[in-house]
Amino acid sequence: MECKITLIPGDGIGPEIVREAVKVLNKIGETFNHTFQYTEVLMGGCSIDAYGVPLTDQALDTARAGDAVLLGAVGGDVGNSRWYDVAPDLRPEAGLLAIRKGLNLFANIRPAYLYSQLADACPLKKEIIGDGFDMVIMRELTGGLYFGKRYTEEVDGVMTAVDTLTYNEKEIRRIAVKAFDIAMKRRKTVTSVDKANVLDSSRLWRKVVEEVAKDYPEVTLTHMLVDNCAMQLVMNPGQFDVVLTENMFGDILSDEASMITGSIGMLSSASLNESKFGMYEPSHGSAPDIAGKDVANPIATILSAAMMLRYSFDLDKEAAAVEEAVKKVLTEGYRTADIMAEGCTKIGTTQMGDLIAERI
Ligand code: NAD
């Protein structure tokens, strides 16, 4: 298979961690006979330095012309960087919003997986963790409260702020289809999270999700209210496979789910559009405090590349090979500084990438 990948290393630790993910992808290419062609573009602070804007039209066009994007992270030290003395739409993170919008990436997937080797980092009690958990949060990314009309005005002498939460059935259907497609590649269970006891948008959400479920007879669908879901995540996380939800609920629940894994350097993510195209990136930021020191954990980016293999290229076997290689290296006791534990061997970014690639 031939795949065109746009690389956006970005700022801070971005170039270091993307380099390790490319190393792993190349090993997959050699082992399974695929060709990955890379085109690199600038986004974030490095693009501001070169072109005066965080994302150029040309960079966006290049990303659009490829099959998938692998992103490191963008941004600098917010309190101490020239990139932040400008209007918000010229700051590094504006590049992220522009590329998500420009590529119509409406579906955000964040896995929360507990590695048994890292179980001590999980803040939950052992009896709650049980055999561990392995879920993905599928969050709608371009609708709902964050994109509705908003204004603040004085009403009868009282300041009043209004935010509107709107979803139409098309927006709900397309994210539900993605969630069921992904469930078919996993344990075939979808938990749709809403607030249907209060919100009209949630009642429409539930109706459309049930319609979509009819096309996936193998997938079991359950509904859960968002407040209950927030509790269930810390009481019984093992019950979840695919959690499907709207923008704001997903924002909050995906952070909660990532926290219970215990390590930010391990968390991958993907944002997809209606086709197979996706942008893949670690859930963490550009970590300017550790940039250039060969200490960043590249695993979240390597696992994001595995998601790319699975969701954009349908290379399930290859994605599993990357995930297994990560587990092997952890089982052998190798750790970057952020996940270091007693009795383990501390290694740097480059060596972690080397070891994972070697074990494929
Ligand atoms: P951050 O995720 O960059 O860092 C938080 C803490 O986690 C830091 O101590 C950092 O050293 C550590 N950390 C993060 N990733 C790590 C890794 N792979 N290995 C080891 N340690 C790691 O969050 P922040 O400090 O709030 O933000 C720093 C910059 O990143 C800001 O400019 C912010 O806007 C930007 N940011 C970008 C993205 C993105 O590009 N998607 C996301 C979040 C933040």
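Whatever order the structure lists ligands and atoms in, that order sets their numbers, starting from 1. A quick note: this is a predicted structure, and the numbers were derived from the prediction, not measured.
Scanning both residues, Asp181 and Tyr216, for their nearest heavy atoms gives OD1-OH, 2.7 Å.
A salt bridge between Asp49 and Arg82 is present, with a side-chain N of the basic residue lying under 4.0 Å from a carboxylate O of the acidic one.
Checked by atom type and distance alone, the side chain of Glu211 never pairs as donor or acceptor with a backbone atom of Ala213 at under 3.5 Å.
Inspection of the Tyr84 and Asp77 side chains reveals no N or O donor paired with an N or O acceptor under 3.5 Å.
Among residues two or more places apart in sequence or in another chain, the ring pair (Phe, Tyr, Trp, His ring centres under 6.0 Å) test is passed with Tyr115 by Tyr113.
At a threshold of 4.5 Å between non-hydrogen side-chain atoms, the residues Ile347 and Leu355 count as touching.
The protein residues lying under 4.0 angstrom from ligand 1, judged by non-hydrogen atoms, are Ile13, Ala73, Val74, Gly75, Gly76, Val78, Tyr84, Glu93, Leu96, Ile264, Glu281, His284, Gly285, Ser286, Ala287, Pro288, Asp289, Ile290, Ala296, Asn297, Asp338.
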